[in-house]
There are 2 protein chains.
Amino acid sequence: MSGKVAARRAALRDTLIVNAERRIASNGLKNLRARDLAKDANCALGAIYNVFGDLDDLVLTVNARTFRHLGAAVAEALSDAPQDAHAQLIVMSQAYHAFAARHYNLWRALFDIERPPGETAPDWYLAEMDQLFTYIDAPLSVLFPDHDAETRALLTRALFSSVHGIVLLGLDEASAGVPAPHLDKMISLVFSHLT
Amino acid sequence: MSGKVAARRAALRDTLIVNAERRIASNGLKNLRARDLAKDANCALGAIYNVFGDLDDLVLTVNARTFRHLGAAVAEALSDAPQDAHAQLIVMSQAYHAFAARHYNLWRALFDIERPPGETAPDWYLAEMDQLFTYIDAPLSVLFPDHDAETRALLTRALFSSVHGIVLLGLDEASAGVPAPHLDKMISLVFSHLT
DNA sequence: ATTATGAATTGAACACAGTTCATAAGGAGC
DNA sequence: GCTCCTTATGAACTGTGTTCAATTCATAAT
């Protein structure tokens with residue numbers, strides 16, 4: 001049975017992912033320690049590097065999960081939303097806010113991990129991003145049927161970035177610290193003025 | 001002459017600030033090294049800690065300068081702007097974009113430094129932020145005279161955060177990477193739809 | 001001038017990360 | 001059971017920020 005090794009490695013991989021996710025969620029990305037993970041998984045320190053290239057690889061794997069969950073949360077909110085295009089944009093954005101607030105450290109890890117210079121984001125990241133853009137693009141087509149595709153693509157990006165910025169600064173307790181209902185109002189304010 | 005020591009320390013302080021700023025600007029915050037700074041300043045490693053509590057203290061000092069320059073850039077753009085409220089919002093935002101692009105690493109350092117948990121942002125940070133909010137508030141008062149003060153304050157925050165988000169994601173080459181003219185168009189798109 | 005005293009400076013040492021790699025342990029094929 | 005190759009191990013290596021005992025220096029008293 002030569003799959004013995006593979007199975008053990010796969011199990012270790014899962015254990016590491018689960019524990020890394022738990023540790024990031026509760027203590028934040030910057031408090032993630034290789035030695036803690038090894039203890040969690042009852043494995044040698046070096047074993048982590050048999051399964052992942054380095055810690056960033058592991059974090060990136062956690063991030064892929066997080067981004068999927070984020071996409072799912074937005075999609076679910078959208079599926080329950082009314083037909084009104086404005087309402088859809090607001091519901092999605094508030095779902096983004098809710099996810100970011102609920103899983104703050106995991107959400108931050110999506111953007112706080114830094115890539116070596118010149119390296120591009122992983123494919124799943126760009127794909128998940130595109131998916132979010134697609135959700136936004138539909139109601140925008142309804143609201144602004146006269147825009148050409150490129151302009152609408154820019155507006156889509158711009159509005160996603162806007163919501164991201166509002167949530168990012170709004171959830172940063174130390175600098176801005178806005179209560180959740182205010183954040184939701186800020187989101188709806190921006191979209192309600194969008195004509 | 002007891003000012004001898006104080007003068008030497010003040011000189012070292014300045015030297016460290018200037019070199020830290022240069023190093024952050026060219027290599028980014030995460031490549032700033034205490035030992036490099038000591039070599040730059042021809043001082044002992046420990047001398048840094050006679051003058052600053054820790055490296056974060058030094059970076060915070062650099063950040064204060066950067067934030068002042070940022071505020072000045074926005075103010076200057078505003079002073080050259082037309083009377084039209086929409087135009088003012090766009091000009092300021094594009095000035096923000098221009099500053100962030102021109103001094104990318106210094107601008108990132110403003111937000112990438114992390115504070116100990118529970119610690120609030122320094123006063124100069126909040127004050128500089130308020131100043132930016134004030135610039136935004138004026139044209140918004142013209143555009144939306146019917147909003148009460150609190151709603152307008154939320155809209156101000158929301159729009160600042162929006163621009164920040166657009167610039168933040170737009171300048172992140174690895175993930176989004178939007179050319180500068182597109183970024184400016186995204187900014188003007190958002191504001192041109194604001195009614 | 002000389003010396004005595006305490007403050008300021010120094011840089012080797014410390015603590016603590018991620019990562020590596022010589023060695024040990026384990027499994028596959030005969 | 002034996003051999004050989006793969007895999008796992010964790011002590012050691014490298015590179016950080018920070019500290020602090022030892023030293024140097026500035027000031028004032030004599």
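All values below come from the heavy atoms of this structure, side chains included, with hydrogens, waters and symmetry mates left out. Here is the naming used below: chain letters follow the sequence lines, and residue numbers restart at 1 for every chain.
- In this entry the distance linking CZ of B/Arg8 with C1' of C/dT9 reads 8 Å, nearest Å.
- For A/Arg9 and D/dT7, the CZ to P distance is 6 Å, given to the nearest whole Å.
- Atoms OH (A/Tyr49) and C1' (C/dG18) sit 5 Å apart, rounded to a whole Å.
- A salt bridge links A/Asp40 with A/Arg22: the distance from a Lys NZ or Arg NE/NH1/NH2 to an Asp or Glu carboxylate oxygen falls below 4.0 Å.
- Here the nucleotide nearest the side chain of A/Ala34, chosen from D/dT19, C/dT19, D/dA8, is C/dT19.
- Side-chain proximity of A/Leu45 to D/dA12, C/dA13, D/dT9: nearest is D/dA12.
- The nearest whole Å value for the distance from the NZ atom in A/Lys39 to the P atom in C/dC16 is 14 Å.
- With respect to B/Arg115 and A/Asp172, a salt bridge is recorded, a charged nitrogen being found less than 4.0 Å from a carboxylate O.
- Looking at heavy-atom distances under 4.0 Å, A/Leu12 makes no contact with the nucleic acid at all.
- Atom-to-atom, CZ of B/Arg33 to C1' of D/dT18 comes out at 15 Å; the value is rounded to the nearest Å.
- Heavy-atom nearest nucleotides on DNA chain D were determined for A/Arg35 and for A/Asn42, and the one closer to the 5' end corresponds to A/Asn42.
- Take A/Glu21 and apply the salt bridge (Lys or Arg N to Asp or Glu O under 4.0 Å) test, not counting sequence neighbours, and it matches A/Arg65.
- Contact check on A/Arg68 versus A/Glu128 returns no salt bridge, with no Lys/Arg side-chain nitrogen under 4.0 Å from an Asp/Glu carboxylate oxygen.
- In this structure, A/Arg152 and A/Asp137 have side chains that are in contact, with non-hydrogen atoms separated by less than 4.5 Å.
- At a non-hydrogen distance threshold of 4.0 Å, B/Asp54, B/Leu55 from residues 53-64 of chain B come into contact with DNA chain D.
- Whole-Å rounding puts the B/Lys30 NZ to D/dG17 C1' distance at 18 Å.
- If you take CZ of A/Arg13 and C1' of D/dA8, they are 18 Å apart, rounded to a whole angstrom.
- Using a 4.5 Å heavy-atom threshold, the side chains of B/Arg108 and B/Leu168 count as touching.
- Annotation: cation-pi geometry not satisfied between A/Arg9 and A/Phe52 (NZ/CZ under 6.0 angstrom from ring centroid, within 45° of ring axis).
- The CG atom of B/Asn50 sits 11 Å away from the C1' atom of D/dT19 (whole-angstrom rounding).
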